[in-house]
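Numbers here are sequence positions counted from 1. Every number for a ligand or one of its atoms is a count from 1 in the order of the listing.
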Amino acid sequence: MIIDKQEELELEEFDDDIRTVEPSYIETEDVQENILRPKYLSDFQGQNELKENLKIYIDAAKKRGEALDHIFLQGPPGLGKTTLASIIANEMGADIKLTSATALDKPKDLVGILTNLSKGSILFIDEIHGLKKSMEETLYVAMEDYKIDWVIGQGPAARTMKIDLEPFTLIGATTRTGAVSKPLENRFGIPVKIDLYSPEELSLIIRRSARILNTDITDDAVMAIARCSRGTPRIANRILRRVRDIAQVKGNGTITREMAGIGLEKLGIDKYGLDKTDREILRVIIEVYNGGPVGLEALAASINDSADTVEVYYEPYLMRQGYLKRTTRGRCVTQKAYEVLGKKDIYADQGFLL
Ligand code: ADP
C-alpha cells in the first residue's frame, strides 16, 4: 500500500524538532568555533584531493538537477566532518539537518526526520556507527529507494505502509570506520576518508583563523602551533585562541614564537607535540608492559580512560608520529618513544624537534 507520506501518519508521533539539530546549534555550542568554521570549499584549507573530488560530484549533481549521492565521511574527531557537511549543503544550495546516532533513540525519531526532508536536502548523521540495528534497516531502504516501510500496529493486525520520501542526500560521519556495518557502508556512493593534516596544512588554517580573529602572528609561531596540534584543525584553533589570550596579557598582542611557547607549556603540550595523556600512554606501555604488546582495554584501564578515547583520539596521532604501532598481539611502543620519554626538559626552549 502506497500512501502520501504525511496523509495517514499521526504527525505528532514524529517529533522532528526535538532531536534534529539545525545549523544554528553550532553557534550556541561554541560561538568562537563557529566563527572560524569555513562555509564554502574555497575556505576549507588543505585536503586538496578530497576537495577536488567533492567539487566534481557537487558540480555534476547540480548540472543534472539531482540530489547528491550519499556521502560517508570517516576520520578522527576535529578534522572537519561536520564542517564539510555544512559546506556541501552550502555549495549545493540545499537545506541541511544535523543530528547524531545517539540522538536517534527510536525508529520513529528517524522516520520523523526522513519524512520531513525536502527535495534535494541533506541529512547529516554524526557518529553513524552508533545507529541501532532497527534503524539501519529503515535507512537502507530510504537510501536506496527514497522510501520507508513503516509498520503500524502489532500482531495479526499489523500492517506495513510504504512512505515515499523526497530524494535526499545522507551524509554519515564516523570516527570509527571499523564499527560501521558493511551493508550500511556499501550504500554510500561517495566514501571520503579525512586524514590527519600536515603541519603545512595546519599552518594555512592557523593563518586564516588568526586573520578572522584580527590577530597578528609571526611565521615561527604559526609553525610552532601547527606542529603541536596533533594534525587536527580543532586543536590548532583551540591552541591559537589560548595563545592569543597570552599574547594579549603578557605581550603586545602579537603572537610571537615566545608567546606560543608559553601557551603550549601552559596547555601541557611538549616540544614534541605530545600532551600529558600521550606521554602517559607511552610511559605505561614502557614501564608497566615492558614496551608492549598490550591490549587496548588493558591500556585504557591503566590510564583511567575509555578504550574508545584511546583508539579514536590518541592512537592515530601517536602512530602517525611513529611512537606506537599496532600488532596482532596488541600495541607496542617504538624506539622513538623510548628516546623521547627518556628526555628531560621536555618544554625547554620549545625547540620543536619534529
Ligand atoms: P569533526 O566534525 O570532524 O569533529 P568539525 O567539522 O567540527 O570536526 O571541525 C572542527 C573545527 O575545525 C571547525 O570549527 C573548523 O573551524 C575547523 N576546521 C576543520 N577543518 C578545517 C579546514 N580544512 N579548514 C579550516 N578549518 C577547519
Find out whether I87 and L54 are in side-chain contact, i.e. whether some heavy atom of one side chain is under 4.5 Å from a heavy atom of the other. no

Salt bridge (Lys or Arg N to Asp or Glu O under 4.0 Å) pairs touching residues 211-224, sequence neighbours excluded, are R207-D219

Exercise answer: donor-acceptor pairs, residues 285-295 side-chain atoms, under 3.5 Å, sequence neighbours excluded:
from, atom 1, to, atom 2, distance (Å)
E287, OE1, R283, NH1, 2.6
Y289, OH, S302, OG, 2.9

Ordered by chain then number, the protein residues lying under 4.0 Å from ligand 1 by heavy atom are E33, L36, R37, P38, F44, Q45, P77, G78, L79, G80, K81, T82, T83, Y197, I205, P233, R234, N237

Here the ring pair (Phe, Tyr, Trp, His ring centres under 6.0 Å) pairs for residues 166-193, sequence neighbours left out, are H70-F168, F72-F188, Y146-F168

Practice task
Go through the side-chain N and O atoms of N237 and S209 and say whether any donor and acceptor fall under 3.5 Å apart.
Solution key: yes

Review point. Can you tell me if T175 and E127 form a side-chain donor-acceptor pair at under 3.5 Å?
Key: yes

